[in-house]
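Everything on this sheet refers to the single structure shown next.
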There are 2 protein chains.
Amino acid sequence: MTTDTTTEWTSGPTAEHQWEQQLHSHDRRVTKQRLAVLAAVARSPHATAEAVTDVVRAELANITLQSVYVVLADLTGLGMLRRIEPPNSAARYETRTGDNHHHAICTGCGRIEDVDCAVGHAPCLTPGLDAGATIGRIVIADVLYQGTCSDCAAKAGLVEAPAPAPASH
Amino acid sequence: MTTDTTTEWTSGPTAEHQWEQQLHSHDRRVTKQRLAVLAAVARSPHATAEAVTDVVRAELANITLQSVYVVLADLTGLGMLRRIEPPNSAARYETRTGDNHHHAICTGCGRIEDVDCAVGHAPCLTPGLDAGATIGRIVIADVLYQGTCSDCAAKAGLVEAPAPAPASH
DNA sequence: CCACTTATTCTGAGTAATTCACAATAAGCA
DNA sequence: TGCTTATTGTGAATTACTCAGAATAAGTGG
């Protein structure tokens, strides 16, 4: 669905080689399925397992959804993929790991965008946990912003009154 | 299961009266089921629909899980409850709404705690969305901290090596 | 207090996302 | 080249949740 032709990916053949090395270093075998899943996630970030499967099938027509699930789960456990779980949606995957970036989701159309951390790099990692909190050692801080994207805002503005004013009350 | 006898809840009979009024003002009928669900969520925050059902059944033995789901969804839509979706877990509910507090979840035992907003009140609502972001108008910012609670840290410290040396940065 | 309207609940079945068990395949190594 | 075992494929199961329709009861007017 992109107007770009070739160099759309976040990563090219170089990345594939890196993936092979990473798989090896984690004592995983390098299979065409795993490489294809990684390439698919890299090319279409925030895709669901099913969407990833569709993309992969362009290359490996016979891969099963179950295998994709297994691969996604394993690679996520390895840290090669990151899994995000938006509300009212299946889990989604991306290759951007390590940096602690967050996500903004449009409540209208479900579109998801990456958002670099608000205050700079890792402000979220040391919140006001002092007062009687037993959960220390924060490792991850996932921030999920919810809002309306420009498309949906425009659509809402054209189709209906600015404020739906649902409940009269 | 609490050692307390009566005044354990976050809210007493006063809250019940408020709930009745809120239900009325939203053109909802005041049923014992709805009040019981509200009381259950107030008494055990971050409970799943199933857990809420168990609590409610102490009072209303015949309530069905489906009804609890309907009530939870409706009250969440009304803003009387807030729904959170931790990773690898069913949705959870709480009566604390309106304030934008966040949550810390222990990756060891799944325990969830409330966390007041890090930078004060609403820092998360205006992140660095400037650069080419199409999702403006941020309405909600859910922050989910993941870490290890003291119990699990102690347990891990006794059973295995102290620090698994987490991600660097 | 009674009848009536309709939201709410209950009964029972259905769906989506994900996982499990086990047989078939193929990656890595001797 | 052949062997070992991780990985994939096949098929079924599970979890969390939703939907359709009948039964119940909250709120309202008489």
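To find a chain, count down the sequence lines: A is the first, B the second, and so on, and within it residues start at 1. Atom set for the values below is all heavy atoms of this structure, side chains included, hydrogens, waters and symmetry mates excluded.
- With the end axes of the helix from dC1(C)-dG30(D) to dA30(C)-dT1(D) each set by five pairs, the angle from one to the other reads 30° at 10° resolution.
- Closest approach of His102(A) and Tyr145(A) over heavy atoms only: CB-CE1, 4.2 Å.
- Here chain A contacts DNA chain D (any atom closer than 4.0 Å to a heavy atom, that is under 4.0 Å), and the contacts span dT5(D) to dA12(D) from 5' to 3'.
- Each salt bridge (Lys or Arg N to Asp or Glu O under 4.0 Å) pair with one or both residues in residues 72-83 of chain B, not counting sequence neighbours, appears once here: Arg28(B)-Asp74(B), Arg34(B)-Asp74(B), Arg82(B)-Glu94(B), Arg82(B)-Asp142(B), Arg83(B)-Glu85(B).
- Among residues two or more places apart in sequence or in another chain, the side-chain contact (heavy atoms from CB on, under 4.5 Å) test is passed with Gln33(A) by Thr31(A), Leu60(A), Ile63(A).
- The backbone N or O of Thr148(A) sits nowhere less than 3.5 Å from a side-chain atom of Thr107(A) that would complete a donor-acceptor pair.
- A 4.5 Å side-chain heavy-atom check between Gln146(A) and Pro87(A) finds at least one atom pair inside the cut-off.
- Counting only residues at least two apart or on different chains, no salt bridge (Lys or Arg N to Asp or Glu O under 4.0 Å) pair has a member in residues 50-73 of chain B.
- Close approach of DNA chain C to chain B, defined as any atom under 4.0 Å from a non-hydrogen atom of the protein, starts and stops at dT6(C) to dA13(C).
- In this structure, the side chains of Thr95(A) and Pro45(A) stay at 4.5 Å or more apart for every pair of heavy atoms.
- Evaluation of the side-chain contact (heavy atoms from CB on, under 4.5 Å) rule for Ala51(B) yields Ala47(B), Thr48(B) as partners, not counting sequence neighbours.
- Annotation: proximity of residues 56-94 of chain A to DNA chain D (heavy atom, distance under 4.0 Å) is found for Asn62(A), Ile63(A), Thr64(A), Gln66(A), Ser67(A), Val71(A), numbered in ascending order.
- Among residues at least two apart or in separate chains, there is no ring pair (Phe, Tyr, Trp, His ring centres under 6.0 Å) pair with a member in residues 55-94 of chain A.
- Looking only at atom types and distance, the side chain of His101(B) has no donor-acceptor partner in the side chain of Asp116(B) under 3.5 Å away.
- Scanning residues 29-37 of chain B for heavy-atom distances under 4.0 Å to DNA chain C yields Arg29(B), Thr31(B), Gln33(B), Arg34(B).
- Within the 4.5 Å cutoff, the side chain of Asp151(B) has no heavy atoms near those of the Cys109(B) side chain.
- When all heavy atoms of Glu113(A) and Arg111(A) are compared, the pair lying nearest together is OE2-NE, 3.4 Å.
- Thr97(B) is linked by a side chain to side chain donor-acceptor pair (under 3.5 Å) to nothing, counting only residues two or more places apart in sequence or in another chain.
- Taking 4.5 Å as the limit, some side-chain heavy atom of Leu81(B) sits within range of a side-chain heavy atom of Leu38(B).
- Pairs passing the ring pair (Phe, Tyr, Trp, His ring centres under 6.0 Å) check and including a residue from residues 31-63 of chain A, sequence neighbours excluded, read His46(A)-His103(A).
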